[in-house]
Amino acid sequence: MVNCCGLVTVKNEQVPLKSIAVEVSVQGHVATVSSTLQYENQEQSPLEAIFVFPLPGEAAVCRFSAKIGQTEVVAEVQEKQKAQEQYDDALSSGQQAFLLEESDESPDVFKLSVGSLPPGEKASVSLDYVTELAVQADDGLRLCLPAVLNPRYQPQGSDSGSGGSAQVSSVPAGSVPYSLSLSAHVSSPHPISRVESNCPLDPLNYLNTEKTQATVSLAAGHQFDRDVELLLYYQDTHQPTAIVEAAQASAKPGSLMGDPVVMLSLYPEFPKDVMSSMTSHGEFLFVVDRSGSMECPMHLGSGSQDRIGSARDTLLLLLKSLPMGCYFNIIGFGSSYESFFSKSVEYSQKTLDEALQKVKEMRADMGGTEILQPLKHIYSQPCLPDQPRQLFLFTDGEVGNTKEVLDLVKTNAGSHRCFSFGIGEGASTALISGVAQQATGHAQFITGQDRMQPKAMQSLRFALQPAVVDISVKWNVPKEVSVTPLSPPIRVLFQGQRALLYAQLTGEVRALPSTVMNVNTV
């Protein structure tokens with residue numbers, strides 16, 4: 001099993017990285033990330049190399065190419081077994097070959113077998129992917145570069161905290177052997193208010209007087225000691241927007257790429273009288289990862305809180321905010337699992353005090369990360385009458401069976417909602433976002449204490465809100481234009497939750513369509 005990111009040998013040794021160039025194009029709530037990574041074989045013998053890269057769980061790869069020496073190969077999509085056979089045939093005949101495949105364990109990890117890299121030869125890997133930007137509690141849109149585009153380096157002699165990551169290399173300060181350049185072009189139907197980052201940025205450059213287009217770049221001197229995160233803020237953020245992608249001139253009309261596609265962004269504010277009817281009912285189940293990896297720090301650098309500490313703080317806040325009359329329980333898991341109470345108990349001052357004390361004593365001392373068994377246990381228990389089940393999951397996402405977990409949650413989606421918290425930098429977006437999506441909940445990523453409290457309270461508000469259901473969307477288009485939905489229907493929507501709908505347009509498309517959204521609440 002390959003544990004490293006980037007270009008590695010079959011022995012799991014990293015091939016030296018020389019440079020990374022990233023260009024980001026943002027349209028409304030969606031970003032296209034284009035990257036080029038340069039590697040060099042500095043050994044005296046050929047290397048059988050594999051390129052491994054994690055992507056956001058909701059990302060889609062739209063272009064991939066790899067170049068060794070003067071040979072460049074552009075990827076094409078094929079059935080998995082057929083692609084493997086062609087790759088094996090090419091290698092056995094001495095040809096250069098590349099094989100890109102999605103990991104069997106997790107949909108957010110892709111692997112590319114690049115074959116043999118000769119001594120002293122350079123390899124260039126280019127990757128484009130499209131991803132939806134996550135909405136934050138303060139209405140910002142978050143883009144975070146995956147680790148393969150921002151490999152970590154830690155200055156020698158610095159305190160990595162307990163645990164630490166085996167993926168982090170240590171070098172003298174100022175001696176990181178590669179560079180990162182990042183530029184972003186942002187376009188929105190509404191004015192761009194600002195762009196923020198946890199890393200130094202050059203000043204925002206507006207490209208028009210309406211401030212609907214702008215560029216921004218990562219400042220020189222990036223230290224590779226943290227995630228590269230961009231937060232985008234638009235004016236009139238709750239107004240629906242529609243963006244049309246033109247058809248490809250070379251594509252056949254009637255095909256997916258041969259007709260225009262529209263993206264509709266819905267981020268509504270519902271009437272106050274509807275949203276004021278917060279429920280006081282519910283069975284709240286808090287499932288907390290207590291595996292050894294939760295001892296790792298939230299991020300590199302001195303003074304960083306460990307992941308289990310962040311989970312404790314978040315859980316303490318949520319427990320103190322539950323409504324009287326609900327029911328709750330806390331389940332910790334690692335190689336095994338254990339519950340605070342034998343069954344869910346009614347929320348009272350007595351049960352709250354008992355739970356708070358147990359949470360304060362909670363440690364990352366339960367071994368591996370086996371999340372399936374506690375989930376199976378929860379789903380085997382009958383739901384309480386008139387107490388809708390709300391599951392809150394806290395984990396760093398370091399599991400090897402993400403697809404199996406998602407299938408289990410999907411099978412039981414009708415009995416609960418799931419609100420997930422990814423703890424620490426590098427948490428698996430496939431797992432964190434996937435369980436929330438399958439169980440009509442909401443996902444949050446907590447990488448530091450600065451935004452922990454509002455994110456935790458936002459998820460709790462979602463859980464206590466009446467569910468917005470029976471959502472229908474009507475497209476108002478000219479008679480000569482037809483609309484074919486490409487997205488599944490919206491099943492549920494919360495105040496403060498964004499939904500993106502995609503549809504294909506056929507006919508004489510001359511202007512953006514308008515839409516009407518009808519909703520009922522329960």
Side-chain angles (χ1 to χ4, degrees), residues 282-294 307-319 321-322 326-345 347 351 355-356 358-359 361-384 387-402 404-413 415-424 427-428 430-446 452 455-456 459-460 462-463:
E283 180 192 20
F284 295 85
L285 302 177
F286 301 96
V287 183
V288 184
D289 187 345
R290 293 176 54 185
S291 62
S293 62
M294 289 289 285
R307 297 172 183 178
I308 192 66
S310 177
R312 276 197 306 266
D313 290 348
T314 308
L315 184 52
L316 289 170
L317 175 65
L318 291 171
L319 285 173
S321 305
L322 292 178
C326 72
Y327 285 74
F328 77 103
N329 202 352
I330 301 168
I331 300 98
F333 72 91
S335 299
S336 58
Y337 65 91
E338 60 183 31
S339 302
F340 279 20
F341 306 101
S342 58
K343 62 180 181 180
S344 295
V345 296
Y347 184 77
T351 55
L356 291 178
K358 290 183 177 181
V359 169
E361 299 170 356
M362 198 166 57
R363 299 290 181 266
D365 55 3
M366 295 186 67
T369 310
E370 299 293 339
I371 193 174
L372 268 182
Q373 292 310 310
L375 289 179
K376 288 180 178 180
H377 169 72
I378 290 170
Y379 296 144
S380 70
Q381 305 300 308
C383 294
L384 301 176
Q387 301 287 349
R389 178 171 286 174
Q390 315 276 12
L391 194 152
F392 285 69
L393 172 64
F394 302 82
T395 180
D396 59 10
E398 294 189 7
V399 301
N401 56 347
T402 297
E404 197 173 354
V405 173
L406 296 183
D407 288 342
L408 178 65
V409 174
K410 182 178 181 180
T411 301
N412 294 275
S415 65
H416 74 302
R417 287 191 289 179
C418 182
F419 300 86
S420 54
F421 294 82
I423 307 295
S428 169
L431 179 68
I432 306 304
S433 299
V435 294
Q437 183 179 15
Q438 295 295 348
T440 60
H442 190 72
Q444 302 277 17
F445 291 87
I446 299 175
M452 183 269 288
K455 288 183 176 184
S459 288
L460 182 59
F462 287 164

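Bear in mind that the values here come from a model prediction, so they are computed numbers and not experimental data.
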Handout entry: Residue that, paired with F421, satisfies side-chain contact (heavy atoms from CB on, under 4.5 Å) out of L318, L393, D396
Key = L318
Problem - Gap between atom CG of L285 and atom CD1 of I378 - 0.5 Å precision - result: 5.5 Å
Exercise for the section: Using atom types as modelled and distance alone, determine if a side-chain donor or acceptor of R307 lies under 3.5 Å from a backbone N or O of A364. Expected result: no
Exercise for the section: Please say which of F341, Y327, F284, F328 ends up in a ring-ring contact (aromatic ring centres under 6.0 Å, His included) with Y347. Expected result: F328
Problem - Heavy-atom closest contact (K358 atom, F340 atom, distance) - result: NZ-O, 3.0 Å
Problem - Gap between atom CG of D407 and atom CD of Q438 - 0.5 Å precision - result: 8.0 Å
Practice task
Enumerate the residue pairs fulfilling salt bridge (Lys or Arg N to Asp or Glu O under 4.0 Å) with a member in residues 371-380, sequence neighbours excluded, ordered by first and then second residue.
Solution key: none
Fill in the blank from the handout: Looking only at heavy atoms, the pair that brings V435 and V409 closest together is O-CG1, 3.8 Å
Fill in the blank from the handout: CD (E370) and OH (Y337) are apart, to the nearest 0.5 Å, by 12.5 Å
Practice task
Take atom NZ of K410 as the centre, draw a 6.0 Å sphere, and report whether it contains more than 12 heavy atoms from other residues, nucleotides or ligands.
Solution key: no
Problem - Main-chain N/O of I331 paired with R290 side-chain donor or acceptor, under 3.5 Å - result: no
Exercise for the section: Without swapping roles, check the side chain of S380 against the backbone of H377 for a donor-acceptor pair under 3.5 Å. Expected result: yes
Practice task
Keeping the roles fixed (side chain from Q390, backbone from A463), state whether a donor-acceptor pair exists under 3.5 Å.
Solution key: yes
